[in-house]
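Notes for the one structure printed next.
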2 protein chains.
Amino acid sequence: MSDLAAALDIIGARWGMLIVERLLEGPQRYGDLQRDLGVPTNILTTRLRELETAGVLHRLPLHHNTRAYALTERGLALREAITALGRWGAGEV
Amino acid sequence: MSDLAAALDIIGARWGMLIVERLLEGPQRYGDLQRDLGVPTNILTTRLRELETAGVLHRLPLHHNTRAYALTERGLALREAITALGRWGAGEV
DNA sequence: GCCCACACTTGCAAAATGCAAGTGTGGACG
DNA sequence: CGTCCACACTTGCATTTTGCAAGTGTGGGC
């Protein structure tokens, strides 16, 4: 499997990159991601778990049943790739 | 819709980026892409049509019923984003 | 005329996605 | 103490996408 395919295996699924993009702005709570991205709640749970398993993000507990999701170093390393894609999408390339 | 979402709408579907990555190496024929990527043949047809419609690639006829697919300028502009993702996938980031 | 490579198309099963409604937990409020 | 509410999910089911496998059509070579 090529390097690109390996990357897509981790963040290639629908919503994966959008979640990471949002987290690049700082830690977010579940509800924030849900409302801001409009991602279905069950999918969000699935993706967050996948991304956590892949070491892209981790949970940080806030209060009782409230937590935030923040990127790990590996997750933050996606910044370059994601901004490049974003600029392409904006037609500035 | 954010710029990233716009980009993913075009090349975010499964196999989309892998096809573009392959075409960055030069024009390829249908059979080449099929064998090299291992993508199902019906999906390949669908993706190529979508990418052509989106202006990422175009067909160039070779012989009778043989043609090659080549990136347009817009498609070539994806190089930066795709190599960035590839490097991330390789763990070099 | 027969065969083959190439580029698809078609049919159907499996998996992913999405919507909507429900669950559980702990703090706030009275 | 009891009720209410926000938050983070979970569950059930319909829709859509993906994938496999087999078939179609076309033009050139022999």
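Below, chains carry the letters A, B, ... as their sequence lines are ordered, and counting in each starts from 1.
Nucleotide C/dC8 holds its P atom 8 Å from the CG atom of B/L48, rounded to whole Å. Between the CG atom of A/L37 and the P atom of C/dC19 there is a distance of 14 Å, rounded to whole Å. D/dC9 atom P lies 5 Å from atom CZ of A/R59, rounded to whole Å.
By the 4.5 Å heavy-atom criterion applied to side chains, A/L78 and B/L85 are counted as neighbours.
Put simply, the side chain of B/R74 gets close to the backbone of A/W88: a donor and an acceptor are under 3.5 Å apart.
Listed candidates were D/dG19, C/dT9, C/dC6. Nearest to the side chain of B/I43 is D/dG19. Of the listed nucleotides (D/dA8, C/dC8, D/dC20), D/dA8 has the atom at the smallest distance from the side chain of A/R67. Of the listed nucleotides (C/dT10, D/dC9, C/dG18), C/dG18 has the atom at the smallest distance from the side chain of A/R14.
Residue contacts for A/R35: at a heavy-atom cut-off of 4.0 Å it reaches no nucleic acid atom on any strand shown.
Within a 6.0 Å radius of CD in A/E73, no more than 12 heavy atoms belonging to other residues, nucleotides or ligands are found.
Looking at which nucleotide of DNA chain D each of B/T41 and B/T46 is closest to, the 5′-most match is held by B/T46.
Residue A/W15 places no side-chain N or O under 4.0 Å from the OP1 or OP2 atom of C/dA16.
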